[in-house]
Amino acid sequence: MNRRRLLQGLSFSMLAAKLSGTSSLYGQAAEPQPQPARTFSPNDRIQVGFIGPGSRGQELIRQLLRTPGVEIAAQCDVYEPRFAEVNELVGKNVPAHKDYRELLDRKDLDVIYIATPPVFHASYSIAAMKGGRPVYCEKTIGFTPEDCTNVVEAARKTGQIFQVGHQMRYASWIVESVNRVRKGDIGEPTHVYGYWHRSDNWRREVPNPSLEHLMNWRLYRESSGGLLEELGSHHIDIANWVFGEQPQTLLGTSSIAVYHDGRTVGDNVQAVLGYSKGRRMFFSSLTDNGLMADQVWVYGTEGSLQITLADATFYKRTSKMITEASHSDVVQKGVETGASYNADSAMPYRGPGHRVNMKRDEDPTLTACKSFMECVRNKQQPFANVDVGFRSAIACSVGRQAMYEGREAKIPQLTA
Ligand SMILES: NC(=O)c1ccc[n+]([C@@H]2O[C@H](COP(=O)([O-])OP(=O)(O)OC[C@H]3O[C@@H](n4cnc5c(N)ncnc54)[C@H](O)[C@@H]3O)[C@@H](O)[C@H]2O)c1
C-alpha cells in the first residue's frame with residue numbers, strides 16, 4: 001500500500017493529525033499486534049462477536065440466525081437493555097460485555113460484526129482486524145477522513161477480510177441491472193439521481209433524557225453525518241459502482257426546514273457529486289414528504305434505469321417515440337419548434353419498460369451475510385470490500401464538512 005498516495009488530497013491539518021499518531025476524535029483504537037485469521041474446516045461453525053446490537057444490529061443478527069454454520073457467541077453494548085433483546089432474538093443467553101475491548105479479548109470469536117453509531121466504526125474495526133478477526137462493519141466505515149484512511153490502511157496491513165454494510169451490492173436485481181449498465185445497455189451512463197424522501201422526523205422516543213444522545217445520535221453533528229451519510233452513502237455507493245470510480249467533488253446544501261427540535265443535522269439535504277468526464281450524481285433527502293421514496297435513477301445516452309428496493313426497470317430510447325396521440329397533441333399545441341421543444345428528444349420513463357424483479361423471498365442483507373461467511377471460509381475479499389467502503393464514506397465525511405461551510409469539497413482519492 002502506497003501510504004503517500006492514499007493520503008493524497010487530505011488537508012494539512014488532517015495529515016498533521018495523522019502523522020502525529022492522533023487517532024479518531026472519538027477514542028483511541030486498541031493496538032494489538034496483527035494476528036493471523038483462523039482456518040476453517042467445512043463443518044466448523046463460525047463464532048460471531050457482535051458489537052452494537054441496536055436496531056440495525058438486531059436485523060443483522062436475525063439474518064445471521066438464517067445463515068448456515070454461524071453462532072452468535074458474544075455481544076457488546078453500552079446500553080444494557082439490549083442484552084435481553086438479543087437473548088430473546090437468539091433464544092439463549094449470549095455472553096454480554098459493556099466494553100468492546102472485553103469482547104475482542106475473548107479467544108472464542110472468529111469474526112466481528114459492528115453496528116454501533118458510525119463514530120466508533122473505525123477504531124473498533126481496526127482493533128478487531130489487528131486482533132486477527134475478519135470484520136463486517138456497517139456503513140460508513142469511518143466518521144472522519146482520518147478514520148476512513150486508517151481503516152483502509154489497517155485492512156491492507158493485516159490482510160484481513162473486511163466487508164462494509166452496503167448490502168445493495170448483494171441485491172440480485174441491482175447487480176444484474178448495474179452490470180447491464182456497465183456493459184452499455186443504456187449507452188453511456190452520465191447521471192445518477194438518488195432520492196430518499198420520507199415522512200418521518202427521524203427522532204426516537206427516549207425513556208429518559210440522559211439517553212437522548214445515545215438513542216438520537218443521528219440528529220447531532222458530533223455523532224452523525226446526517227442524511228447524506230446515513231442514507232446518501234448507499235446511493236453514492238451505487239453511483240460509484242455504475243461509474244466505476246469514486247466522486248472527485250461534492251457541493252451540497254443542508255437546512256432545517258421543519259423540525260426545529262434541537263437537532264443540529266439538516267432535515268433535508270441536496271448534494272451534487274462530480275465524477276470524471278463531467279458525470280454527475282445528485283442526491284436529495286427530505287424527511288417531511290415521502291414523495292419519490294427511496295429510488296435511484298441512472299440516466300444514459302440511450303436510455304434510463306430506475307432502481308427501487310423491490311425491482312429495477314429499464315426504459316430504452318426507441319427510434320421513433322412519438323405516438324399518434326402525443327403527436328396530435330403537439331400539433332394542436334403548435335409547439336414543434338426544434339431545439340426549444342421536440343417530443344422525440346424526450347426519453348421514455350413511463351409504461352412497462354423492461355423490469356428486473358427481485359427473486360422470491362430475497363433479502364439483500366441475508367445474501368450479504370452469507371457471502372461474508374463464504375469469504376471468511378475461503379479467505380477471499382468481499383465484493384463490498386474496504387475500498388468500496390472508503391469510496392462512499394470519504395465522500396460523506398469530507399463532503400458534509402464542506403457542505404456546512406458552504407464550499408465545494410475536493411474528495412481525497414483512493415489509489416491502489
Ligand atoms: N446497511 C443499512 O441498511 C443500515 C440500516 C440502518 C442502520 N445502519 C447503520 O447501522 C449503524 C447502527 O444504526 P442503528 O439504527 O442500529 O443505531 P441504534 O442506535 O439503533 O443502535 C446502535 C447500538 O450501538 C450501541 N452503542 C452505542 N455506542 C456504543 C459503544 N461505544 N459500544 C458498544 N455499543 C454501543 C447502542 O446502545 C445501540 O444499541 C449505523 O452505522 C447506521 O448507519 C445501516
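Atoms within a ligand are numbered from 1 in the order they appear, just like the ligands themselves.
Checked options R391, H234, K139; the residue passing with H166 is H234 (criterion: side chain to side chain donor-acceptor pair (under 3.5 Å)).
Nearest to atom 16 (O) of ligand 1 among the protein's heavy atoms is R56 N, 2.7 Å. Scanning the protein heavy atoms around atom 38 (C) of ligand 1, the nearest turns out to be D77 OD2, 3.5 Å.
Ring to ring, Y220 and H213 are close: their centroids are under 6.0 angstrom apart.
The proximity of R204 to ligand 1, defined as any non-hydrogen pair under 4.0 Å, is limited to the side chain.
At least one heavy atom of F120 sits less than 4.0 Å from an atom of ligand 1. By the 4.0 Å heavy-atom criterion, E59 is excluded from the residues contacting ligand 1.
Polar contact check, G165 against ligand 1: a nitrogen or oxygen pair lies under 3.5 Å apart. Where the criterion is an N or O separation shorter than 3.5 Å, residue side chain and backbone included, T140 fails it with respect to ligand 1.
Using modelled atom types, one finds a donor on one side chain and an acceptor on the other under 3.5 Å when comparing S276 with R279. Between the side chains of Q270 and N268, a donor-acceptor pair is found at a separation under 3.5 Å. Side-chain N/O atoms of H197 and S284 include a donor and acceptor closer than 3.5 Å.
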